[in-house]
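Letters A, B, ... mirror the listed sequences (proteins, then strands); counts begin at 1.
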There are 2 protein chains.
Amino acid sequence: MNLKNILEAFRKKGHRLTKTRKAMVRVFLHNNRPLSAADINSRLEHLAVTVNKTTIYREIDFLKKERFIREIELGDGMKRYELWPDDHHHHLICVECNSVKCIDMEHCLVNEEKKISEKNNFMIMEHSLKFFGLCAKCQ
Amino acid sequence: MNLKNILEAFRKKGHRLTKTRKAMVRVFLHNNRPLSAADINSRLEHLAVTVNKTTIYREIDFLKKERFIREIELGDGMKRYELWPDDHHHHLICVECNSVKCIDMEHCLVNEEKKISEKNNFMIMEHSLKFFGLCAKCQ
DNA sequence: CTTGCAAATGCAACTCAGTTGCATTATTAT
DNA sequence: ATAATAATGCAACTGAGTTGCATTTGCAAG
């Protein structure tokens, strides 16, 4: 999963390799954690790539449709985006410094989901689990 | 936990019993599930109580401070509020009709939290768990 | 009942994340 | 080199929620 392969795959599907697209893919590959639109913008500025916010949102939409990233909500009124996960994982959110850490959870909640589905006649498609607390630095 | 007792408790603490306050407490008691500011407004109109949105938000803040309600995020860009829970519970959210159902989960994730805390040196204070899928009606 | 005062309210104008319409620019296949 | 159209920039907008400030109202004390 490197920059060149991803961009080549996009190009083969008929999508153009613009400076915004290349830079944003790079940003996500080099920052493996949830980023807000504002985070993305400041990372782009670091790469000397100046883009309009509309373009950032449109590129986010594109990368979501391509399943390169996915959208998550951490509850602070701002959407975040992270690399499309290979593994099933959740998030540790520090209430002090707002840092976010991803944690693996193999076979997470499968038994619980089965029980809940049956009891409530609700067909569970996915779940979202977040832990709020204090990270190592902020304790 | 009835209307009169709650209002009396507020009055004893020196808070005023305005028509907005009385109506909003009533709305939450009669709608035991997460409501958005817009939901609250339409319920108030049903009770023939017309209030400015600023007042609704300020009353939400008041009821949050009083721990009569709490704020939750369901991920649709709008905050929701529900009666302050006695029990530990989570939510089933229908991706089709957006209805929300509360479900009990006694001793939910306690063992997992212990493991996660130790492994990541993260002091967990609370967690949020949501199940997305199809409710009985929408399947 | 009247009065005084702080709590509560309404209004208008604002913030901030995200969206839309439209004219312009740039990438790519030929 | 060129044409087609994907991508961009800009300005104006939306919608949830907030703020400052002048006005109204609930309620306790006289």
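Salt bridge absent: R33(A) and E82(A) never bring a charged side-chain N and a carboxylate O closer than 4.0 Å. Here R11(A) pairs with E8(A) in a salt bridge; the nearest charged N to carboxylate O distance falls below 4.0 Å.
When heavy atoms are screened at a 4.0 angstrom cut-off, R11(A) is found touching the sugar-phosphate backbone but no base atom. Base contact: T54(A) has a heavy atom under 4.0 Å from a base atom. Note on A37(A): only backbone sugar-phosphate atoms sit closer than 4.0 angstrom, heavy atoms only; bases stay farther off.
If you chain together hydrophobic residues whose side chains sit under 4.5 Å apart, I60(B) and I6(B) fall into the same group.
Y57(A) has a side-chain polar atom (N or O) that falls below the 4.0 Å cut-off from OP1 or OP2 of dG18(C).
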- Could you give me the CA-CA distance, side-chain angles and deciding distance for N31(B) and D39(B), then say whether side-chain contact (heavy atoms from CB on, under 4.5 Å) is met? CA-CA 10 Å; N31(B) 294 273; D39(B) 291 335; over 6 Å; no
- Test side-chain contact (heavy atoms from CB on, under 4.5 Å) on F132(B) and M125(A) and set out the steps. CA-CA 6 Å; F132(B) 297 91; M125(A) 290 156 62; 5.5 Å; no
- Kindly indicate, with the supporting measurements, whether the criterion side-chain contact (heavy atoms from CB on, under 4.5 Å) is fulfilled by D76(A) and I93(A). CA-CA 11 Å; D76(A) 62 347; I93(A) 301 153; over 6 Å; no
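In the helix from dC1(C)-dG30(D) to dT30(C)-dA1(D), the end axes, each obtained as the rotation axis mapping the C1' atoms of four pairs onto the next four within a five-pair block, lie 30° apart to the nearest 10 degrees.
Within the 3.5 Å criterion, the main-chain N or O of R21(A) finds no donor-acceptor partner in the side chain of E59(A). The backbone N or O of E73(B) sits less than 3.5 Å from a side-chain atom of K130(B), completing a donor-acceptor pair. Counting only distance, with no hydrogens or angles, the side chain of D87(A) and the backbone of H89(A) share no donor-acceptor pair below 3.5 Å.
Once you apply a 4.0 Å limit to the heavy atoms of chain A, the touched nucleotides of DNA chain D run 5' to 3' over dA4(D) to dA11(D).
With F62(B) as reference, F10(B) is the one residue of F68(B), Y81(B), F10(B) to meet the ring-ring contact (aromatic ring centres under 6.0 Å, His included) rule.
Remark: the K79(A) side chain and the dG18(C) base include no donor-acceptor N/O pair separated by less than 3.5 Å.
Of the two residues contacting DNA chain D, namely R16(B) and G14(A), the nearest-nucleotide position lying further toward the 5' end is that of G14(A).
Only T20(B), R21(B), listed by number, bring a heavy atom of residues 19-27 of chain B to less than 4.0 angstrom from any atom of DNA chain C.
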